[in-house]
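Before any comments, here is the structure.
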Number of protein chains: 2
Amino acid sequence: MPRKALRQTACPTCSVEATLNLIDGKWKIVILYKLLKGGTLRFNELRRLMPAVTQRMLTNQLRELEADGLLTRKVYPEVPPRVEYSLSVRGRSLEQVIMALKIWGDENLVTATRAEAA
Amino acid sequence: MPRKALRQTACPTCSVEATLNLIDGKWKIVILYKLLKGGTLRFNELRRLMPAVTQRMLTNQLRELEADGLLTRKVYPEVPPRVEYSLSVRGRSLEQVIMALKIWGDENLVTATRAEAA
DNA sequence: GCACATAGTGTCGAAAAGGATACTATTATG
DNA sequence: CATAATAGTATCCTTTTCGACACTATGTGC
């Protein structure tokens with residue numbers, strides 16, 4: 001049984017869509033971006049960087065990213081626990097995608113995201 | 001009242017996240033990609049290109065993309081009706097983003113999207 | 001007169017995603 | 001003994017998303 005159902009595809013040949021599925025999830029892109037910029041980060045460091053994300057969601061998203069092979073989770077058998085997250089090679093290969101998103105946003109979302117924004 | 005609630009942001013300064021919000025929606029990226037490749041397309045042409053998408057969803061996604069200024073909807077007052085969709089200037093500016101997604105997918109998703117895929 | 005094509009809309013319900021909150025184990029520190 | 005820190009879990013609930021399906025108007029072709 002798949003850990004997470006793959007959603008139905010609009011057109012199976014669309015690698016655009018498949019890629020988007022990987023980074024779909026409310027916080028995944030931000031996590032990847034933070035790791036891209038920050039290198040290795042611990043769980044609570046990520047939390048502090050994204051205060052709006054609940055612990056549960058952060059764990060969820062990290063686990064999915066790990067399952068997709070986009071990041072590496074390294075547990076140190078210490079007390080208090082220490083877990084370090086960093087991009088895997090595959091994750092780092094997403095740099096162009098992430099940066100394309102960032103660049104577009106910087107250029108096009110300076111003031112408002114929607115025309116009718118108050 | 002906003003047409004669609006903007007979801008809470010992980011970090012307001014992240015243009016990465018904001019950009020992703022614009023193209024978030026199950027079929028938006030594919031629609032944009034089809035229009036990028038196909039130029040101007042009519043409603044039912046899009047439907048045929050994406051058979052898995054219901055009429056209602058296609059309409060929804062097209063309306064949201066229009067509201068975000070990413071595409072142009074041109075209605076011809078004819079019977080039977082004719083409506084043509086094409087990327088706006090703003091929409092076309094997303095080309096780098098869309099192509100980054102496609103290129104990554106082509107290079108990294110050749111066989112399977114998930115390690116545990118049967 | 002009937003079906004067909006276009007570009008939709010309306011309603012209902014299921015499923016998935018996400019949020020709030022409380023709880024865990026262990027050790028160090030005071 | 002009490003508190004704090006780490007990296008989470010567990011449970012419950014609400015919101016959002018998505019799909020199925022039926023329905024619309026109008027003119028053309030048979």
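Since the model is a prediction, treat every value here as computed from it, not as a measurement. The sequence lines fix the lettering, A, B, ..., with proteins before strands; numbering per chain opens at 1.
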Identify each atom pair where a protein N or O and an N or O of nucleotides 9-11 of chain D are less than 3.5 Å apart, giving names and distance.
residue : atom : partner  : partner atom : Å
dT9(D)  : OP1  : Arg63(A) : NH1          : 2.7

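- Between Leu94(A) and Leu70(A) there is a side-chain heavy-atom pair separated by less than 4.5 Å.
- Residues of residues 77-87 of chain A having a heavy atom closer than 4.0 Å to DNA chain D, listed by number: Pro80(A), Pro81(A), Arg82(A), Val83(A), Tyr85(A).
- A distance-only check finds no donor-acceptor pair linking the side chain of Ser15(A) to the backbone of Gly105(B) [under 3.5 Å].
- Rounded to whole Å, atom P of dC4(C) lies 15 Å from atom CG of Asn44(B).
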I'd like a table of donor-acceptor pairs (distance under 3.5 Å, sequence neighbours excluded) in which one partner is a side-chain atom from residues 39-58 of chain A, with atom names and distances.
residue  : atom : partner  : partner atom : Å
Arg42(A) : NH2  : Pro81(A) : O            : 3.4
Glu45(A) : OE1  : Arg42(A) : N            : 2.7
Thr54(A) : OG1  : Met57(A) : N            : 3.3

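- In this structure, CG on Leu101(B) lies 11.0 Å from CG on Asp106(B), to the nearest 0.5 angstrom.
- Remark: Lys26(B) is not in phosphate contact with dA16(C), judged by side-chain N or O atoms under 4.0 Å from OP1 or OP2.
- Of all the heavy atoms in Arg90(B) and Leu22(B), the pair that sits closest is NH2-CD1, 3.9 Å.
- Comparing the start and finish of the helix from dG1(C)-dC30(D) to dG30(C)-dC1(D), five pairs each, the helix axis swings through 10°, to the nearest 10 degrees.
- Within the structure, every pair that satisfies the side chain to side chain donor-acceptor pair (under 3.5 Å) test and touches residues 70-88 of chain B, not counting sequence neighbours, is listed here: Arg73(B)-Tyr85(B), Tyr76(B)-Glu84(B), Glu78(B)-Arg82(B), Arg82(B)-Glu84(B).
- When rounded to the nearest whole Å, the span between NZ of Lys28(A) and C1' of dG18(C) equals 13 Å.
- Listed for the Trp104(B) side chain is a donor-acceptor partner under 3.5 Å among the backbone atoms of Ser93(A).
- Val30(B) places none of its side-chain heavy atoms less than 4.5 Å from the side chain of Val16(A).
- Taking CG of Leu20(B) as the reference point, atom NZ of Lys26(A) lies at 12.0 Å (rounded to 0.5 Å).
- A straight line from CD of Gln61(B) to C1' of dG19(D) spans 13 Å, rounded to a whole angstrom.
- Across the protein-nucleic acid pair, Asp24(A) atom CG and dA17(C) atom P stand 8 Å apart, rounded to whole Å.
- A straight line from CD1 of Ile31(B) to C1' of dA7(C) spans 15 Å, rounded to a whole angstrom.
- Put simply, CD1 on Ile98(A) and CD1 on Ile23(A) are 7.5 Å apart, with the number rounded to the nearest 0.5 Å.
- Side-chain nitrogen and oxygen atoms of Trp27(B) include none within less than 4.0 Å of the OP1 or OP2 phosphate oxygen of dT17(D).
- Summarising the geometry, the separation between CZ on Arg47(A) and C1' on dA5(D) is reported as 11 Å, rounded to the nearest angstrom.
- Asp24(B) has no carboxylate O lying under 4.0 Å from a charged side-chain N of Lys28(B), or vice versa, which leaves the two without a salt bridge.
- Remark: C1' of dG8(D) and CZ of Arg42(A) are 13 Å apart, rounded to the nearest angstrom.
- Rounding to whole angstrom units, CE of residue Met57(A) and P of dA7(D) are separated by 19 Å.
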